[in-house]
Amino acid sequence: MVNDYSNTSISGIAKVLFKSKSVVIFMHENPDADTIGSALVATEILKKLGKNAYPVCCDKIPTSLLFMTNGRRDYTIEDIPNEENIDLYMSTDVASKNQLGKYISYAEKISLCIDHHSIRDLIANKTFVDVNSSACTEIIYRVWMRIFPKVAIPSVIASLLYAGLAADTGGFRYLNTTPYTHKVAAKLIERGADHALICHELFEAKSKNARAVELYAQENVKYLCDGKVAYVKLYLEDRAKVGFEDEDTYDVINVIRRAEGVQIAILARQKDENTFKISTRAQCDVNMANICAELGGGGHPGAAGCSVKKEDVDESVKFIIRKCGFNV
Ligand SMILES: [Mn+2]
């Protein structure tokens, strides 16, 4: 696959890290295991090189992923001591400026992007985008191996990298899983990655609230277009009624897409008074990243999303369904 955005290499990334002294590493909004694992391991690489490094996220770490952060919820810019000394702003797994959330004004300052999303509007002076990497942590693994070829990866680092791989491949089930993904995963298990615990936390353990919203979604899902499209909409009011927080909805899209015959799954969930977040999954030959990009979003061919204004949500969902080739 052609990759138009990359203008540097793994060794180019290493050079930038060597030159820096004090670094901020941005994760994307609604952080997932891949952006968290990537940013935390990049932080450890930098600290091992004697640098100051601060992972940052505009949103809190969701409860389901606190196992990755030793329970730490907040990674705010405001907590960084001596921000004036920062000489490198970088990002991991961030495709668009909007994904910086309340830190969007920092987009201009980011001079190193490490990512695996093809559709993007966040392009830095040094950008490394490998769309063939199943996860951003697969790239960060290569950075570690480049900088510390003879240092055995500590088990904590191995677990963080493994969590990114497992999450972004849906437990090594999605099409983006490659032989190399499995090779990296094998190395990480050799290095002590806690793979069974990670997969349990990512794919099995569910809070009661998450189970509640998934059951609610299952009861309210609409199967459109002869059952090929599964669609559910969650309003702000539903949170109090059903008993869940926004972060509990991360697996709803996967619950509704499992029904036999579903090719496209769409979840529209209200974020605040004015905004809906639309998440999509495609199990057929369409490129959801391109479609969502037309609505200002992005993602991967099989899993993408966008944010839209409240009044535009119904039209946006219809737009997506039509772009997938269905009549609605
Ligand atoms: Mn990712």
Side-chain angles (χ1 to χ4, degrees), residues 1 3 5-6 10 13 25-43 55-59 61-62 64-65 68-69 75 90-101 110 112-124 127-144 157 159-178 180-182 184-185 188 193 198-199 201-203 247 250-251 253-254 277 279-282 287-290 292-293 297-306:
M1 207 182 294
N3 186 340
Y5 302 105
S6 278
I10 296 291
I13 294 171
I25 305 134
F26 284 101
M27 308 174 212
H28 62 68
E29 65 180 346
N30 302 316
D32 61 13
D34 191 31
T35 200
I36 296 170
S38 298
L40 295 188
V41 174
T43 300
V56 162
C57 189
C58 59
D59 291 328
I61 304 298
S64 60
L65 296 177
M68 295 183 72
T69 65
Y75 289 86
M90 60 181 281
S91 64
T92 50
D93 204 37
V94 184
S96 78
K97 294 173 189 168
N98 284 336
Q99 286 184 300
L100 296 169
I110 292 175
L112 174 63
C113 267
I114 305 175
D115 192 17
H116 66 135
H117 297 89
S118 59
I119 304 289
R120 55 192 311 103
D121 70 11
L122 181 64
I123 297 164
T127 299
F128 184 87
V129 180
D130 181 10
V131 297
N132 297 312
S133 289
S134 66
C136 193
T137 59
E138 202 173 296
I139 303 170
I140 302 293
Y141 167 82
R142 291 163 64 194
V143 175
W144 176 286
I157 305 279
S159 286
L160 288 169
L161 295 171
Y162 189 93
L165 290 185
D168 269 29
T169 58
F172 307 95
R173 289 174 303 169
Y174 299 158
L175 267 177
N176 62 346
T177 311
T178 66
Y180 184 70
T181 314
H182 280 289
V184 174
L188 295 174
I198 291 165
C199 287
E201 293 288 350
L202 290 178
F203 306 114
E247 65 168 45
Y250 64 95
D251 222 12
I253 187 89
N254 294 315
K277 168 96 188 161
S279 306
T280 66
R281 296 288 183 276
N287 190 322
M288 276 301 191
N290 288 341
C292 288
H300 301 282
C306 57

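Atoms within each ligand, like the ligands themselves, are counted from 1 in listed order.
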S.K.: Examine all N, O or S atoms of His116, backbone included, and report whether one is under 2.8 Å from the Mn ion (ligand 1).
M.R.: yes

S.K.: What N, O or S atom of Asp34 is found closest to the Mn ion (ligand 1)?
M.R.: OD2

S.K.: Checking one value in my table: which N/O/S atom of Asp168 lies closest to the Mn ion (ligand 1)?
M.R.: OD2

S.K.: Output the atom name for the N/O/S atom of Asp93 with the smallest distance to the Mn ion (ligand 1).
M.R.: OD1

S.K.: Return the set of residues passing salt bridge (Lys or Arg N to Asp or Glu O under 4.0 Å) with Asp59 (not counting sequence neighbours), or none when no residue passes.
M.R.: none

S.K.: Just by distance, with hydrogens left out, do Asp168 and His300 show a side-chain donor and acceptor under 3.5 Å apart?
M.R.: no

S.K.: Looking at every non-hydrogen atom in both residues, tell me the closest pair between Ala95 and His117 and how far apart they are.
M.R.: CB-CB, 3.6 Å

S.K.: Does anything in residues 133-143 form a salt bridge (charged side-chain N to carboxylate O under 4.0 Å, His left out)? List the pairs, not counting sequence neighbours.
M.R.: Asp130-Arg142

